[in-house]
Structure formats: structure tokens, C-alpha cells
Asks: 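Below are the C-alpha cells for one structure; questions will follow.
All figures in this text were calculated on a predicted structure; none of them were measured in a lab. Worth knowing before you read on, the calculation uses all heavy atoms, side chains too, and leaves out hydrogens, waters and symmetry mates.
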Amino acid sequence: IISVISLQETIYVSDSLETWEPTIECSEITFSDPWQALKDLRASISHDDYNKFLPMLMALPMCIFGKSFLCYALYVWFMFGLPGIFFASAIIKTILEQNGFKNFPCSAVMAIFMILPIVSVPIFIGYANISILLPTSILLAMLLSLENGKLQRERLIFIAALCVFAVFQ
């Protein structure tokens with residue numbers, strides 16, 4: 001990730017305007033005026049196509065480790081991409097084991113995920129879109145864990161909350 005992003009000579013306008021710059025702005029506002037940051041977050045969720053929910057989550061690491069685009073891409077990877085791939089790989093491994101593939105290692109499933117262009121390209125370019133992988137994989141795990149014929153209110157509430165989280169992104 002570091003080498004690919006370091007070799008890029010440009011940051012695309014859409015990446016800069018929709019994800020990276022709002023994250024810098026949120027990190028500055030969050031620590032200078034937290035109340036205003038919460039008001040801005042609420043307004044952006046209600047009115048903006050690219051709201052400030054994801055940038056707000058990344059405000060603390062950006063203040064601690066730096067505001068460069070490379071650091072931003074690594075935050076997205078470590079906060080959302082890597083955990084999302086872990087969850088998705090564990091789900092696929094469980095499905096494989098239930099269907100008779102007992103000796104298929106989880107690391108092989110993770111490698112397959114990393115090879116897929118839909119996962120690898122956003123990671124290597126620094127897109128924040130990879131962040132949807134984490135709530136989606138947790139949501140899939142929760143849906144697959146539901147037992148047929150039983151209403152499990154706590155799990156359904158958690159699933160609904162993850163759906164809302166995914167929409168906010």
C-alpha cells in the first residue's frame with residue numbers, strides 16, 4: 001500500500017474533496033470545538049451525499065499520526081479493510097467447513113479476498129470505499145448465525161444498527 005500510494009503523482013479530485021479533506025477538517029474541528037463537530041456531523045448526515053460520519057471516526061488517528069494522504073489510506077486499511085477481510089474470511093471458512101471443505105485454511109481465503117480487484121484496487125489507491133467491507137461482513141455473519149424459526153430480538157436490533165451504519169458511510 002505504501003509503495004503504490006507513494007509512487008502516485010496525483011491525488012484524484014474526488015478522493016481529495018469527498019474523503020481526505022473532510023477528514024482533515026473533522027480532525028481539526030473535533031478537537032477545537034467538539035460541540036460544533038457534532039452539530040456538523042448531524043447536519044451532514046441529514047443533508048450531504050458524502051456525510052462526515054466516516055471522517056469523524058478517523059479524526060483521532062489523523063490528529064495523532066498525521067494528515068498526509070498516505071497516512072489516511074493506511075488508517076482506512078487498518079480500521080476497516082483489514083478487520084473486514086478477517087470477518088469475511090472467517091464467514092467463508094465457516095461456510096466451506098459446513099459444506100465439507102475441512103482442510104481449507106483461513107489464510108488462503110484471505111489471500112483470495114486480497115487478489116480480488118474489488119478489494120485490492122480500493123486498498124492500493126487509498127479509496128475510503130473499502131470501509132463498507134467491515135459492517136457488511138459483520139452483518140453477513142449476524143444474518144448467517146440466526147436460527148430458523150426463532151425470533152432473536154437482540155441480534156435483529158444489532159443487524160438493523162449495522163444497516164444504518166452502512167448507509168451512513
Side-chain angles (χ1 to χ4, degrees), residues 1-24 26-27 48-62 64-148 155-156 158-169:
I1 296 172
I2 294 171
S3 64
V4 171
I5 291 176
S6 297
L7 291 175
Q8 290 181 356
E9 294 181 13
T10 60
I11 298 172
Y12 300 103
V13 173
S14 61
D15 297 337
S16 179
L17 293 176
E18 296 167 2
T19 58
W20 182 40
E21 287 179 11
T23 305
I24 293 172
C26 279
S27 69
D48 296 343
D49 289 335
Y50 295 98
N51 61 53
K52 295 182 180 180
F53 184 70
L54 184 63
M56 187 65 75
L57 293 176
M58 297 176 57
L60 181 62
M62 188 158 269
I64 294 172
F65 297 110
K67 298 178 182 177
S68 72
F69 188 73
L70 176 61
C71 289
Y72 170 78
L74 290 173
Y75 306 148
V76 171
W77 168 242
F78 285 118
M79 289 177 70
F80 303 106
L82 193 59
I85 289 173
F86 283 149
F87 269 103
S89 299
I91 293 165
I92 299 297
K93 171 95 169 120
T94 303
I95 292 171
L96 289 172
E97 285 178 352
Q98 290 172 352
N99 291 312
F101 295 97
K102 301 276 185 207
N103 295 328
F104 204 79
C106 195
S107 58
V109 176
M110 287 181 65
I112 291 170
F113 265 109
M114 293 299 297
I115 291 171
L116 295 173
I118 198 164
V119 174
S120 62
V121 170
I123 290 169
F124 288 128
I125 296 178
Y127 288 158
N129 299 350
I130 197 68
S131 62
I132 195 67
L133 185 61
L134 180 59
T136 304
S137 58
I138 295 172
L139 184 63
L140 182 60
M142 293 295 297
L143 287 172
L144 290 175
S145 70
L146 292 175
E147 296 177 20
N148 292 336
R155 286 189 182 185
L156 292 175
F158 187 66
I159 288 171
L162 280 174
C163 287
V164 170
F165 178 73
V167 168
F168 281 161
Q169 288 189 357

Asks: May I have all residue pairs that pass salt bridge (Lys or Arg N to Asp or Glu O under 4.0 Å) and include part of residues 74-89, sequence neighbours excluded?
Replies: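 Counting only pairs at least two positions apart or across chains, no salt bridge (Lys or Arg N to Asp or Glu O under 4.0 Å) contact touches residues 74-89.
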
Asks: Can you name the nearest heavy-atom pair linking Pro83 to Trp77, along with the distance?
Replies: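 Smallest interatomic distance, heavy atoms only, reads CD-O, 4.0 Å.
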
Asks: Filter on salt bridge (Lys or Arg N to Asp or Glu O under 4.0 Å), then keep only pairs touching residues 73-85, sequence neighbours left out; what's left?
Replies: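 Listed once each, the pairs would be none.
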
Asks: Between Phe80 and Leu57, is any pair of side-chain heavy atoms under 4.5 Å apart?
Replies: yes

Asks: Side-chain donor-acceptor pairs under 3.5 Å in residues 100-114, sequence neighbours left out?
Replies:
unit_1: Lys102; atom_1: NZ; unit_2: Glu97; atom_2: O; d: 3.3

Asks: Is it true that a side-chain atom of Ser27 and a backbone atom of Ile24 form a donor plus acceptor pair closer than 3.5 Å?
Replies: yes

Asks: Can you name the side-chain contact (heavy atoms from CB on, under 4.5 Å) partners of Ser68, sequence neighbours left out?
Replies: Leu70, Cys71

Asks: Nearest 0.5 Å, what's the CG-CD1 distance between Leu96 and Ile91?
Replies: 12.0 Å

Asks: Looking at Met58, is its backbone amide N or carbonyl O close enough to the side chain of Tyr75 to form a donor-acceptor pair, meaning the two atoms are under 3.5 Å apart?
Replies: no

Asks: With rounding to the nearest 0.5 Å, note down the distance linking CG in Leu60 to CE in Met79.
Replies: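 The distance works out to 8.5 Å.
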
